[in-house]
Asks: 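For reference, the structure I am asking about is given below.
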Amino acid sequence: MDKLKEKLNNLKLDAEKWQEKSDELSEKIKELEQENLDKDHQIQALTRKNQVLEEQVEKLETDLAEVKEAANESHSLKTSNENYTKKNSVLEEELEEADKNLKETTAKLRETDIKAEQLERKVASLEQEKDDWEKKYEDLDEKYAAAKAELEEISQQLEAI
């Protein structure tokens, strides 16, 4: 009988050990399920973040195309400005020549003065327009640099993931 009681005690001890082990494993399963759930949430969050970043990349690419177009327009305006500057130089030479011919005729002088005033107004207008376009170009260039930096930062973050 003592052997039977001893066996029963041993079985009870074994049962308690197995119960403890079962409780530990159940707790471990709960932890793993929670980790799995957390990982799923992280995956969903990262998927959404990736979608948002892809949308931002598309928007930035569109903005970049617009900036490039504006830069091309700015370049053509710069070329036009150079042409106007050359024209202005030529007109100034003509004005000097007209001053030399002042003694010959006052009628020519009046026509030249009127023409010079019109050209000066045109040059001032063009210089103002040039300044405006240069400012726009600088603003767009800054936006482009900021967008490029942000895109690189996003790219680095994506690579880090």
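Residues: numbered from 1 along the sequence shown.
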Asks: Quick check for you: to the nearest 0.5 Å, what is the distance between Asn9 atom CG and Glu16 atom CD?
Replies: 9.5 Å
Asks: What is the distance from atom CG of Leu91 to atom NZ of Lys115, rounded to the nearest 0.5 Å?
Replies: 6.5 Å
Asks: Quick one: CD on Glu66 to CD on Glu61, what's the gap to the nearest 0.5 Å?
Replies: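 Between Glu66 CD and Glu61 CD, I get 12.5 Å after rounding to 0.5 Å.
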Asks: Can you get from Val52 to Leu46 by hopping between Ile, Leu, Val, Met, Phe, Trp and Tyr side chains that sit under 4.5 Å apart?
Replies: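 No, separate clusters.
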Asks: Evaluate the criterion side chain to side chain contact (heavy atoms under 4.5 Å, CB included) for residue pair Asp23 and Glu27; output intermediate values, then yes/no.
Replies: CA-CA 6 Å; Asp23 291 343; Glu27 187 63 34; over 6 Å; no
Asks: Identify, with sequence neighbours excluded, every residue that meets side-chain hydrogen bond (donor to acceptor under 3.5 Å, both in side chains) alongside Glu20.
Replies: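 In terms of side-chain hydrogen bond (donor to acceptor under 3.5 Å, both in side chains), with neighbours along the sequence ignored, Glu20 is linked to no residue.
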Asks: Keeping Ser22 on the side-chain end and Trp18 on the backbone end, is there a donor-acceptor pair under 3.5 Å?
Replies: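 No; judged by distance alone, with no hydrogens or angles, the pair does not exist.
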Asks: Taking Ser80 for the side chain and Ser76 for the main chain, is one N or O donor matched with an acceptor at less than 3.5 Å?
Replies: yes
Asks: Between Asp38 and Gln34, does any side-chain donor sit less than 3.5 Å from a side-chain acceptor?
Replies: yes
Asks: Side chains of residues 128-144: which donor-acceptor partners sit under 3.5 Å, not counting sequence neighbours?
Replies:
{"from": "Gln128", "atom 1": "NE2", "to": "Asp132", "atom 2": "OD1", "distance (Å)": "3.1"}

Asks: Taking Thr85 for the side chain and Asn81 for the main chain, is one N or O donor matched with an acceptor at less than 3.5 Å?
Replies: yes
Asks: Does the Ser155 side chain pair with the main chain of Leu151, one donor and one acceptor, at a distance under 3.5 Å?
Replies: no
Asks: Contact between Val90 and Lys86 at the side-chain level, heavy atoms closer than 4.5 Å - yes or no?
Replies: no
Asks: Rounded to the nearest 0.5 Å, what separation is found between the CD atom of Glu33 and the CG atom of Leu37?
Replies: 9.5 Å
Asks: Atom CD of Gln42 and atom OG1 of Thr47: how far apart are they, to the nearest 0.5 Å?
Replies: 11.0 Å
Asks: Is there a side-chain contact between Leu53 and Leu158 (heavy atoms, below 4.5 Å)?
Replies: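 Side-chain contact under 4.5 Å: yes.
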Asks: Could you state the interatomic distance from CG (Asn83) to CG (Asn88), rounded to the nearest 0.5 Å?
Replies: 12.5 Å
